[in-house]
*Asks:* 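Dropping a structure here in structure tokens format, bear with me for questions.
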Amino acid sequence: MKKVLPHIEIGHDQYGAVAVSVEDYELFDFIDDYITEECDLDWNSLSISENEQGEIHTMHLDQKHTIEEVEVALLKLDQKEIERIYALNN
């Protein structure tokens, strides 16, 4: 996985689909809305794991999306807004 923004990483899952991992549920909800509503990217499944900081929510995108496409979309987000949303629960 590659960190593209604070608290957000992208990579490929075991099936070769793009996966976006987000620390914190509130931030995940924001990224979910952004990806699906603003960027028109579809995701198929969600997995949740734990680390030292808390829950990690990973969305597994549709195979039709490339990692470059997803990274470009995410990099349009404001890092200060990402940090503000993350700070709501942390």
*Asks:* Does any non-hydrogen side-chain atom of N89 lie less than 4.5 Å from one of Y25?
*Replies:*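 Not in contact.
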
*Asks:* To the closest 0.5 Å, what do you measure between OG1 (T66) and CD (Q63)?
*Replies:*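 Atom-to-atom, T66:OG1 and Q63:CD are 12.0 Å apart.
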
*Asks:* Would you say the side-chain atoms of N44 and H60 include a donor-acceptor pair closer than 3.5 Å?
*Replies:*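 No pair is found: no donor N or O on one side chain lies under 3.5 Å from an acceptor on the other.
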
*Asks:* Compute whether any side-chain donor of one residue and acceptor of the other, for H57 and S21, lie under 3.5 angstrom apart.
*Replies:*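 Looking only at side-chain atoms, S21 and H57 do not form any donor-acceptor pair under 3.5 Å.
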
*Asks:* More than 12 heavy atoms of other residues, nucleotides or ligands under 6.0 Å from CG of D40: is that the case?
*Replies:*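 Counting neighbours around CG of D40, 12 or fewer heavy atoms of other residues, nucleotides or ligands fall under 6.0 Å, so no.
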
*Asks:* Just how far is it from atom CG of L46 to atom CG of D32, taken to the nearest 0.5 Å?
*Replies:*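 It comes to 8.5 Å.
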
*Asks:* Would I56 and V22 show up in the same hydrophobic cluster when neighbours are defined by side-chain heavy atoms closer than 4.5 Å?
*Replies:*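 As far as the 4.5 Å side-chain criterion goes, V22 and I56 are not connected within one cluster.
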
*Asks:* Test: salt bridge (charged side-chain N to carboxylate O under 4.0 Å, His left out). Region: residues 76-90. Which pairs qualify, not counting sequence neighbours?
*Replies:*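 Checked against salt bridge (charged side-chain N to carboxylate O under 4.0 Å, His left out) - neighbours excluded - the pairs reaching residues 76-90 are E81-R84.
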
*Asks:* Measuring only between side-chain heavy atoms, which start at C-beta, is M59 closer than 4.5 Å to F28?
*Replies:*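 Side-chain contact under 4.5 Å: yes.
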
*Asks:* To the nearest 0.5 angstrom, please state how far the CD1 atom of I8 sits from the CD atom of E71.
*Replies:*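 Rounded to the nearest 0.5 Å, the CD1-CD separation comes to 12.0 Å.
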
*Asks:* Do E69 and L41 touch side chain to side chain, with heavy atoms closer than 4.5 Å?
*Replies:*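 Yes, side chains in contact.
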
*Asks:* Is L75 reachable from W43 through a run of I, L, V, M, F, W or Y residues, each pair having side-chain heavy atoms under 4.5 Å apart?
*Replies:*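 Shared cluster, yes.
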
*Asks:* Backbone N or O of A73 within a donor-acceptor pair of the Y34 side chain at under 3.5 Å?
*Replies:*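 Yes; judged by distance alone, with no hydrogens or angles, the pair exists.
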
*Asks:* Determine yes or no for a side-chain-to-main-chain donor-acceptor pair under 3.5 angstrom, with E9 supplying the side chain and A19 the backbone.
*Replies:*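 Absent.
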
*Asks:* Would you mind reporting whether L77 and F30 have side-chain heavy atoms less than 4.5 Å apart?
*Replies:*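 F30 vs L77: side chains touch.
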
*Asks:* So, do I31 and I82 sit near enough that their side-chain heavy atoms are less than 4.5 Å apart?
*Replies:*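 In contact.
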
